[in-house]
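Before any comments, here is the structure.
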Amino acid sequence: MKTVFITGASSGIGEACADVFAREGCRLILSARRADRLKALSDRLTRDHGTEVYPLELDVKDKSAVFAAIEGLPSAWNTIDILVNNAGLSQGLDPLQKGDPDDWDRMIDTNIKGLLYVTRAVCPGMVARKSGQIINIGSIAGKEVYPNGNVYCATKHAVDALTKGMRMDMLPYGIRVTAIHPGAVETEFSVVRFKGDGERAKKVYDGFEPLHALDIAEAAWFTASRPPHVTINDLLIMPTAQASASLFNKQ
Ligand code: NDP
Ligand code: 8X3
């Protein structure tokens, strides 16, 4: 039975990954900042699938907390087979000359540095065992840039570059490194980007069918369920009504 560590499991794509990996019989370490959500999700997965869950309240921006939490995992939980680096966010949608540097810090600290801290803490075990998989959730914003996306796009380009670098560094140890890059997925992402403005967030998805979090979770499971000699390096998954980062077929 695989042990899967999912960051950002309290909502959206991370929560959907928890659902799918639980359905497939994995045991889960679920982390995020909102402990109440993790508790509710853990209880539901245990009830519905009999899943063993270790909820872990964690802010991936907090370097010392990340290393302490992962080094402090009980022995029954410290052999991690699959790491899903999903925690991430966007803050604001402004031209660079009007951007808020505190928003930039939050995005860089979460999407790049948080992913690095968690990976650095988890991957030595995979290296020692010569097995494991790291699934990084990138974005279409890591493949293209769009107006006003400046710093968010830069963080996701960094995730793309780090994924390629990890794959090279971990090649001798047989560790599979995968990136999944979604286009627009309707989650809490836009509510967070617009700092609680639900009306503005809803408009992002008006007039077309966006991806559902489950679509990405099913893709993550597909990569994890390939035979050991197969690695899915890179998946770019778009809504049918989205042709590029900024081109939509809205009705
Ligand atoms: P949600 O806002 O629904 O979920 C984001 C998750 O990340 C939450 O569980 C949140 O938990 C967690 N998170 C955010 N900051 C931190 C932090 N500092 N420490 C720990 N956890 C954190 O958005 P999505 O599900 O859409 O986003 C998941 C990933 O998918 C992100 O990396 C995002 O960039 C990426 N993505 C999203 C797309 C979309 O259109 N929705 C498209 C492409 C990529 P909590 O607040 O409880 O800490
Ligand atoms: C989230 C999708 O297009 O808002 O990564 O950047 S987008």
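As the structure lists them, so they are numbered: ligands from 1, and atoms in each ligand from 1.
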Any nitrogen or oxygen of [X] lying under 3.5 Å from a nitrogen or oxygen in ligand 1? Just yes or no.
X      : value
Ile140 : no
Leu89  : no
Gly8   : yes
Thr187 : yes
Val185 : yes
Glu188 : yes

What part of [X] sits under 4.0 Å from ligand 1 if we count only heavy atoms: the side chain, the backbone, both or neither?
X      : result
Val191 : neither
Thr110 : side chain
Ala184 : backbone
Lys156 : side chain

Note to self: Against the six-membered ring of Tyr152, is Arg193 placed for a cation-pi contact (under 6.0 Å from the centre, within 45° of the normal)?
What the structure shows: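 The answer is yes, since Arg193 meets both limits relative to Tyr152.
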Could you identify the single nearest non-hydrogen protein atom to [atom] and state the distance to 0.1 Å?
atom                    : value
atom 3 (O) of ligand 1  : Ser11 OG, 2.5 Å
atom 34 (O) of ligand 1 : Tyr152 OH, 2.7 Å
atom 31 (C) of ligand 1 : Asn86 O, 3.2 Å
atom 7 (S) of ligand 2  : Tyr146 OH, 3.5 Å
atom 2 (C) of ligand 2  : Ser139 OG, 3.8 Å
atom 25 (O) of ligand 1 : Ile13 N, 2.8 Å
atom 15 (N) of ligand 1 : Arg33 NH2, 3.2 Å
atom 42 (C) of ligand 1 : Gly183 O, 3.1 Å
atom 43 (C) of ligand 1 : Pro182 O, 3.2 Å
atom 19 (N) of ligand 1 : Val60 N, 3.0 Å

Does the pair [X]/[Y] count as a salt bridge with the N-to-O cut at 4.0 Å?
X      : Y      : answer
Asp206 : Lys250 : no
Lys61  : Asp59  : yes
Arg37  : Glu188 : yes
Arg23  : Asp48  : no

Checklist line | Heavy-atom nearest option to atom 22 (C) of ligand 1, drawn from Gly138, Pro239, Ala87, Gly142 | finding: Ala87
Could you tell me, atom by atom, which parts of ligand 1 come under 4.0 Å of a heavy atom of [X]?
X     : answer
Gly12 : 3 (O), 25 (O)
Asp59 : 17 (C), 18 (N), 19 (N)
Ser10 : 8 (C), 9 (O), 10 (C), 11 (O), 45 (P), 47 (O)
Leu58 : 19 (N), 20 (C)
Lys61 : 18 (N)

Do any heavy atoms of [X] fall under 4.0 Å from ligand 1?
X      : value
Thr7   : no
Ser31  : no
Glu186 : no

Note to self: Please list, in number order, the atoms of ligand 2 under 4.0 Å from a heavy atom of Ala141.
What the structure shows: 6 (O)
Margin query: Tell me the contacting part of Arg193 for ligand 2: side chain, backbone, both, or neither, using a 4.0 Å heavy-atom threshold, strictly below.
Written below: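 The side chain, only.
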Check: For Tyr152, is at least one N or O under 3.5 Å away from an N or O on ligand 2?
Finding: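 Looking only at distances, the answer is yes, because the N/O contact criterion of under 3.5 Å is met.
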Note to self: Taking the side chain as everything from C-beta on, heavy atoms only, tell me whether Ile80 gets closer than 4.5 Å to Leu73.
What the structure shows: yes
Note to self: Side chains of Ile13 and Phe189, heavy atoms from C-beta outward: is any pair under 4.5 Å?
What the structure shows: no
Item checked: Inter-residue atom distance Glu218.CD - Ile237.CD1, 0.5 Å rounding -> 10.5 Å
